[in-house]
There are 2 protein chains.
Amino acid sequence: MNGLGESQNEQAGRPPGARAQGAEDGEAGLAQQAWTLLFELLHTHMRNFPALAAEFDLSPVQAHVLRQLGEGALAMSTLATYLSCDASNVTGLVDRLEARKLVERRSSEQDRRVKMLVLTEAGAELRGRLMARMALPPPFMASMPEEDLLALGDIMRRALKTQ
Amino acid sequence: MNGLGESQNEQAGRPPGARAQGAEDGEAGLAQQAWTLLFELLHTHMRNFPALAAEFDLSPVQAHVLRQLGEGALAMSTLATYLSCDASNVTGLVDRLEARKLVERRSSEQDRRVKMLVLTEAGAELRGRLMARMALPPPFMASMPEEDLLALGDIMRRALKTQ
DNA sequence: CTCAAAGGTTGAGGGTGTCAATTGTTTATG
DNA sequence: CATAAACAATTGACACCCTCAACCTTTGAG
């Protein structure tokens, strides 16, 4: 009763991405199990990111740009690398942020091909609020027992080091 | 030496999203610390998702749609809810998938306003390969000690239950 | 000096997303 | 029953994100 027919009872109420692979526990590797679970939880929570960015009148990508522009200047090409996107894309991205006076292009003295990006006063202020907002843990973490949080933190720190 | 001036030495080599908040350990809540770390790792790895989808000639969003269309039919409005987007957006999304014969619209008998979405044979096959690919854990998890993987799995299962 | 390579921009083209308005259908209400 | 309100999907206008190919300027190597 799966492929087609009268399976009309699916119109609502099912947890979004719920049914993935990892049901059979014995088979798949431990890493794959853990990854599938993690992906599930995170994906659910990443759906809110556009709304979060919108709280600051930013698109998701603009939020990422502000995030990267934390300390010091960044060449446009470097930003393109960080965003894993084409350089030509960054032009428009920065155009819009510059129009809103959140970011400034200033051409480098050493290499006049390069344009360095700097946050304006307003940009830095907005970034501060944005980062604080992003640091707020999602509900599923806020309601986690303390020991789990500690364990999770340890595991993640180890992973970051090894990476 | 932070705001402006000759900090031109930033053109490359820094790990992308690295410098977030969570540096001061004592201060912020445990949940916030763990969340920031998790976000860091996950964000780094979510950047590859477009490339992953492209392996199957799919855009990221198309991949999500296929993911949701796993078992049984889904009304378009339901899909819009799962994707947290406007219904009008789903129309074009499905148009393109239908043009590629991965998905079919069939109008419901019970309620003739509704159109139910079903995977075609080819769509189901593609989805299978896609899901298998997505289940492959990223490097930072593949190289995790077994005990960490077990602990992580346990924590995530508990979180999913409580959620 | 010459020329290849690199940084950034432009233009064409397509996917993603919103909002407002429209059509057709269902359901509730008088 | 008739009519109005609510709902599912679509359309059109508009903006953003993204890629590719072509281009210009600057740099650095031979």
Side-chain angles (χ1 to χ4, degrees), chain A residues 8 10-12 46-66 68 73-100 102-117, chain B residues 8 10-12 46-66 68 73-100 102-117:
Chain A
Q8 215 100 358
E10 298 243 13
Q11 255 164 258
M46 286 302 186
R47 287 192 315 173
N48 308 21
F49 192 69
L52 190 158
E55 291 174 24
F56 302 88
D57 275 299
L58 295 171
S59 75
V61 185
Q62 288 173 328
H64 284 309
V65 172
L66 253 59
Q68 305 287 7
L74 229 61
M76 306 208 37
S77 59
T78 312
L79 183 54
T81 311
Y82 289 176
L83 298 175
S84 329
C85 77
D86 194 274
S88 67
N89 193 22
V90 174
T91 298
L93 234 45
V94 171
D95 280 349
R96 286 182 283 271
L97 287 174
E98 200 170 28
R100 286 176 56 182
L102 297 173
V103 156
E104 261 184 40
R105 283 172 166 99
R106 50 186 70 177
S107 46
S108 159
E109 296 294 334
Q110 283 79 3
D111 184 339
R112 280 180 314 184
R113 290 172 301 180
V114 174
K115 298 204 181 128
M116 303 300 286
L117 301 175
Chain B
Q8 214 100 358
E10 298 244 10
Q11 260 168 252
M46 287 298 188
R47 287 194 315 175
N48 307 20
F49 191 69
L52 190 159
E55 292 174 24
F56 302 87
D57 274 297
L58 294 172
S59 76
V61 186
Q62 289 174 328
H64 285 309
V65 172
L66 253 59
Q68 304 288 6
L74 230 61
M76 304 206 41
S77 59
T78 311
L79 184 55
T81 311
Y82 288 174
L83 298 175
S84 330
C85 77
D86 195 274
S88 67
N89 193 20
V90 175
T91 298
L93 232 47
V94 171
D95 280 349
R96 286 181 284 272
L97 288 174
E98 200 171 27
R100 285 176 57 182
L102 297 173
V103 157
E104 261 185 42
R105 283 171 167 101
R106 49 186 70 176
S107 45
S108 159
E109 297 295 334
Q110 283 80 4
D111 185 337
R112 279 180 315 185
R113 290 172 301 181
V114 175
K115 298 205 180 126
M116 304 299 287
L117 300 175

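Throughout, a chain's letter reflects where its sequence line sits, starting with A, and its residues are numbered from 1.
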Taking the side chain of [X] as heavy atoms from C-beta outward, which of [options] is closest to it?
X: B:Arg113; options: C:dG8, C:dT26, D:dC18; answer: C:dT26
X: A:Asp111; options: D:dT26, D:dA8, D:dT10; answer: D:dT26
X: B:Thr91; options: D:dT10, D:dC16, D:dC18; answer: D:dT10
X: A:Asp86; options: D:dC20, D:dC17, D:dT10; answer: D:dC20
X: A:Val61; options: C:dG15, D:dT10, D:dC17; answer: D:dC17
X: A:Arg112; options: D:dT27, C:dG15, D:dA9; answer: D:dT27
X: A:Ser88; options: D:dT10, D:dC17, D:dC20; answer: D:dC20
X: B:Cys85; options: C:dT9, D:dC17, C:dG17; answer: C:dG17

Between [N] ([atom2]) and [X] ([atom1]): distance, integer Å:
X: B:Lys115; N: C:dG24; atom1: NZ; atom2: P; answer: 12 Å
X: A:Leu93; N: C:dT16; atom1: CG; atom2: P; answer: 18 Å
X: A:Leu58; N: D:dC17; atom1: CG; atom2: P; answer: 10 Å
X: A:Met76; N: D:dC24; atom1: CE; atom2: P; answer: 20 Å
X: B:Leu79; N: C:dT16; atom1: CG; atom2: C1'; answer: 14 Å
X: A:Asp95; N: C:dT10; atom1: CG; atom2: P; answer: 7 Å
X: B:Tyr82; N: C:dG17; atom1: OH; atom2: P; answer: 18 Å
X: A:Asn89; N: C:dG15; atom1: CG; atom2: C1'; answer: 13 Å

Does a side-chain heavy-atom distance below 4.5 Å link [X] with [Y]?
X: A:Leu66; Y: A:Leu97; result: yes
X: A:Arg96; Y: A:Gln62; result: yes
X: A:Ser107; Y: A:Val114; result: no

Item to check | Stepwise side-chain contact (heavy atoms from CB on, under 4.5 Å) check, B:Leu102 with B:Leu58 | outcome: CA-CA 11 Å; B:Leu102 297 173; B:Leu58 294 172; 4.3 Å; yes
Checklist entry - Is any side-chain N of the basic residue among A:Arg100 and A:Asp95 closer than 4.0 Å to the acidic one's carboxylate O? => result no
Next on the checklist: On DNA chain D, does the nearest nucleotide to B:Val90 precede the nearest nucleotide to A:Gly92 from the 5' side, or the other way round? Give the residue.
Outcome noted: B:Val90
